[in-house]
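Structure first, then comments.
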Amino acid sequence: QVQLVESGGGLVQPGGSLRLSCAASGFTLDYHAIGWFRQAPGKEREGVSCMRSSDGSTYYADSVKGRFTISRDSAKNTVYLQMNSLKPEDTAVYYCAAASVQTMCLTRLIKYWGQGTQVTVSS
């Protein structure tokens with residue numbers, strides 16, 4: 001009954017934009033640090049962005065800083081990742097995640113994972 005359901009992935013040309021959504025059910029996102037991870041073919045899963053529930057502060061990987069924005073809609077219990085100026089190297093399976101704590105999104109602290117959604121950036 002506890003799950004994270006992602007949507008918004010797809011194929012986009014370089015320079016384009018996508019918005020990923022992750023709707024939570026069975027628990028409240030406001031009590032968890034929430035984040036986005038991605039895994040490209042042949043590479044390890046990496047953290048992309050994280051938002052602390054304690055103060056709302058955000059973290060972005062250097063590779064996406066200035067292009068991606070994480071946000072939360074508490075009323076909808078949903079987290080978003082707005083992705084602009086997409087590059088081919090952004091191609092990956094993207095996962096939303098909720099941590100067992102309110103302050104950080106370390107992989108070992110993730111309590112709930114989304115199923116993943118494919119983002120492909122190609123011309």
Side-chain angles (χ1 to χ4, degrees):
Q1 295 180 8
V2 174
Q3 60 181 349
L4 295 167
V5 180
E6 298 175 330
S7 62
L11 175 65
V12 65
Q13 294 187 348
S17 299
L18 286 174
R19 189 179 76 160
L20 304 183
S21 299
C22 180
S25 60
F27 71 103
T28 301
L29 284 174
D30 286 352
Y31 298 104
H32 303 262
I34 54 173
W36 291 89
F37 295 76
R38 69 184 182 186
Q39 187 166 21
K43 297 183 178 180
E44 297 182 355
R45 184 178 299 179
E46 64 174 345
V48 175
S49 183
C50 180
M51 175 179 285
R52 295 175 176 172
S53 62
S54 56
D55 60 6
S57 62
T58 57
Y59 157 86
Y60 297 95
D62 289 341
S63 59
V64 307
K65 192 173 299 181
R67 299 187 298 118
F68 291 11
T69 303
I70 187 172
S71 62
R72 174 196 291 161
D73 187 332
S74 295
K76 296 181 179 180
N77 205 27
T78 299
V79 61
Y80 305 93
L81 184 68
Q82 179 66 45
M83 304 184 294
N84 299 324
S85 301
L86 284 163
K87 305 175 181 179
E89 50 263 45
D90 294 319
T91 296
V93 177
Y94 284 72
Y95 302 87
C96 64
S100 60
V101 298
Q102 296 183 344
T103 58
M104 59 188 67
C105 301
L106 298 176
T107 300
R108 66 182 181 87
L109 296 177
I110 298 301
K111 187 174 183 179
Y112 305 118
W113 288 96
Q115 79 286 354
T117 184
Q118 177 70 47
V119 172
T120 301
V121 184
S122 177
S123 60

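Note that OG of Ser49 and OH of Tyr80 are 15.0 Å apart. Values are rounded to the nearest 0.5 Å. The line from CG of Leu20 to OG1 of Thr78 is 12.5 Å long, rounded to the nearest 0.5 Å. Here the SG-NE2 distance, from Cys105 to His32, works out to 11.5 Å after rounding to the nearest 0.5 Å. Rounded to the nearest 0.5 Å, atoms OG (Ser53) and CD1 (Ile34) are 8.0 Å apart.
Thr28 and Asp30 form no side-chain donor-acceptor contact under 3.5 Å, judged by distance and modelled atom types alone. The closest side-chain donor-acceptor pair between Ser17 and Asn84 falls under 3.5 angstrom.
In this structure a side-chain-to-backbone donor-acceptor pair under 3.5 Å is missing from Thr117 to Tyr94. Side-chain atoms of Arg52 come within 3.5 Å of backbone N or O of Thr103 as a donor-acceptor pair. In this structure a side-chain-to-backbone donor-acceptor pair under 3.5 Å is missing from Glu6 to Gly114. Judged by distance alone, the side chain of Ser100 and the main-chain N or O of Leu109 form a donor-acceptor pair under 3.5 Å.
Both Tyr112 and Val79 belong to a common hydrophobic cluster when Ile, Leu, Val, Met, Phe, Trp and Tyr are linked at side-chain heavy-atom distances under 4.5 angstrom.
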Check the pair Lys65 / Asp62 against salt bridge (Lys or Arg N to Asp or Glu O under 4.0 Å), numbers first and verdict last. CA-CA 5 Å; Lys65 192 173 299 181; Asp62 289 341; 3.3 Å; yes
Please report the C-alpha distance between Val64 and Arg38 in whole Å, then the side-chain angles of each, then the deciding distance to 0.1 Å, and finally whether the side-chain contact (heavy atoms from CB on, under 4.5 Å) criterion is met. CA-CA 12 Å; Val64 307; Arg38 69 184 182 186; 3.8 Å; yes
